[in-house]
Amino acid sequence: MTDSQQAVLFTNGRFFTSKTSGAEFHSCMVVKDGKIQYIGNPDSAEIQHYQSQNIQVQDLKNRYVLPGFIDGHCHFLLLGQSLKGLSLDGCQNLTDIRSRISAFANANPDKPRLLCGGWMHSMTNGEAKASMIDDLDPRPIYIYAKDLHSTWCNSAALQEMAVQEMEDPAGGTIERDADGNASGLLSEACVLLIIWPYLASVASLAEKTAALRVAIDAYHSVGYTGCIDMAMDLPAWTAILALREEMGGQLPLRIAAHWIVMPGSSERERLLQVDKAIEMATQYNKTTSPDLRIVGIKIICDGVIDACTAALSEPYTTTPNTPSCGPIWTSAMLAPVVEKACTANLQCALHAIGDAAVDVAIDAISTYGKPGQRHRIEHLELTSPTAASRLASLGITASIQPVHSDPAILRAWPSLLGPARLRRAFAYNDFSAHGCSLAIGSDAPTAPHAPLPNLYVATTRRSAREADADPALEPVNEEWKLGLVEAVSAATRGSAYSCFAEERVGSLGVGMLADFVVVDMRFEAEALLGARVRETWVGGRKVFEG
């Protein structure tokens, strides 16, 4: 890695700075002591001064230089664990899934359990029974849904977690057969309250820190220099602290985190979790630990559209005579938790996918939030025509993940929502037009984590997953796409702003930390899938070269 104390002059580049009217590009930049000392014209007197000091020079060969990407919404430890597990992306049906798991099991005879991800309900016609995979391997098998809101388990997994003896937790469902026995699928709060805690308890600290290293390397290779974790808990935090110590007290990635608050069984239980978040934020904050800090709480207010667990104001089209699924967190549950967090000046990040859940979330922040606290609503996948103006008026960050609007994974939405409601899906430009602050993230590992394909979907509304499909997939609600400058800014400065870090990172300017990415690309939305990250720098140190 390059010594961050040594001054480096980067020349022959296209250094991105965003303006109200569009992008502006400078041609050179000086980095020293981990910060940007100069950005502008190579003919300036200041550059000549640096050159007279025998400064190290790096020719960027006309490549673009963007601020380091900051993943505005991710699950960092889970990403690392998923990268060490089996991906089911691309599977079409149960046969594909079984074949891939069998091959993975045979290739990994020493793994105590098989962790898989990327399954979608549509791959198995909505079924997820232990009996469908029990014969593949005697070891426990866990198959995460792509959205992480449900997990398909074999009988060995159900047995090792002792699920048969459990009751459904608040906000969760253990699917059962006619005799009342757990049949294989655990949904919503079960994932947070049963599966994640169990798997965290059986994974060693060394396994977790190894997974975190994998995640860091994966992030560097695609241009990330920071992230915002959206479900932090004590096992994951302990592992991150251990890794920081292993790496000499400084991680090569800047992490802000929201402490997960579970629905629990009582108000007291929920408020105790907020107390823990307050305690953690008091210890790890912008002053004491600016690159690894707790910034707020995370609450999962509803489920997801594909599983019909997102809270909608009207029933799903496929079940018109059945009331819409309600939110996991009712207004009465949410109120005291949000009030306590706001009083402690913690940021609230509220997962709300369906329009009814979005309204509940906005109402809570409207009632208890204070000016300037920069609360956030995560996902915002189906919103009413009035949601954008309410978000903007309250200063709520619209935390969006364009990768979820990829047409390749929305095939069930027309039948689930109907054509009228579908037109309100992923209304990103509506938020922007009303003046909302946008933060773009990936929601990894529920979706591919690379930022450039994510921005391709944001700016074209076309498929990055099936870009070569014949015939090409039609964009979903193309009118809601973002401009390229707007999208790049939302994935860099917007994410930084969302966690009060915009004075240090998220843009290229004098005095900013030297977090940036060098990219071979054409600065056009349609060309983003062909863009390639060549270098990633964190604090003036090169952490990736491709």
Side-chain angles (χ1 to χ4, degrees), residues 18 20 22 69-73 228 230 301-302 304-305 310-313 347-366 369 371-406 410 413 417 420-443 447 451 454-461 475-499 502 506 525:
S18 60
T20 303
F69 291 109
I70 301 168
D71 193 338
H73 180 125
I228 304 174
M230 275 295 157
C301 296
D302 70 340
V304 294
I305 299 287
L312 307 184
S313 56
Q347 291 181 265
C348 295
L350 307 181
H351 162 125
I353 283 180
D355 58 343
V358 171
D359 288 343
V360 168
I362 295 176
D363 288 345
I365 294 173
S366 174
Q373 288 187 322
R374 300 187 192 176
H375 301 296
R376 315 156 50 105
I377 296 183
E378 310 301 313
H379 307 308
L380 296 160
E381 294 187 3
L382 186 70
T383 53
S384 70
T386 61
S389 61
R390 295 189 70 199
L391 292 169
S393 66
L394 293 166
I396 297 173
T397 294
S399 174
I400 57 176
Q401 301 76 44
V403 66
H404 289 323
S405 66
D406 191 307
L410 300 180
W413 282 47
L417 301 177
R421 275 190 298 190
L422 186 64
R423 287 195 291 272
R424 290 297 313 171
F426 306 99
Y428 299 154
N429 193 43
D430 192 23
F431 309 146
S432 174
H434 280 84
C436 295
S437 176
L438 302 180
I440 284 181
S442 72
D443 202 11
N454 197 2
L455 296 186
Y456 173 80
V457 180
T459 54
T460 67
R461 298 304 279 257
V476 175
N477 297 340
E478 188 174 9
E479 67 273 19
W480 297 134
K481 68 185 180 182
L482 299 174
L484 180 53
V485 172
E486 187 175 29
V488 170
S489 297
T492 53
R493 189 182 186 279
S495 291
Y497 178 87
S498 75
C499 63
E502 78 279 6

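All of these numbers come straight from a predicted model, not from anything done at the bench.
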Under 3.5 Å, is there a donor-acceptor pair between the side chain of [X] and the main chain of [Y]?
X: His375; Y: Cys348; answer: yes
X: Trp480; Y: Phe431; answer: no
X: Arg424; Y: Thr383; answer: yes
X: Gln347; Y: Ser498; answer: yes
X: Asp355; Y: Ser384; answer: no
X: Thr460; Y: Tyr456; answer: yes
X: Ser313; Y: Ala356; answer: no

Taking atom types as modelled and ignoring hydrogens, do the side chains of Asp71 and Ser442 form a donor-acceptor contact shorter than 3.5 angstrom?
yes
Taking atom types as modelled and ignoring hydrogens, do the side chains of Ser399 and Thr397 form a donor-acceptor contact shorter than 3.5 angstrom?
no
With sequence neighbours left out, write down each residue that passes ring-ring contact (aromatic ring centres under 6.0 Å, His included) with Tyr428, or none if nothing qualifies.
none
Over 60° means perpendicular and under 30° means parallel, so tell me whether His379 and His73 are parallel, tilted or perpendicular.
tilted
Just how far is it from atom [atom1] of [X] to atom [atom2] of [Y], taken to the nearest 0.5 Å?
X: Arg374; Y: Ile396; atom1: CZ; atom2: CD1; answer: 14.0 Å
X: His434; Y: Leu391; atom1: NE2; atom2: CG; answer: 10.0 Å
X: Asn429; Y: Thr459; atom1: CG; atom2: OG1; answer: 12.0 Å

Asp359: which residues meet the salt bridge (charged side-chain N to carboxylate O under 4.0 Å, His left out) condition with it, sequence neighbours left out?
none
Is the shortest side-chain heavy-atom distance between [X] and [Y] below 4.5 Å?
X: Asn477; Y: Glu479; answer: yes
X: Leu312; Y: Asp302; answer: no
X: Val457; Y: Phe426; answer: no

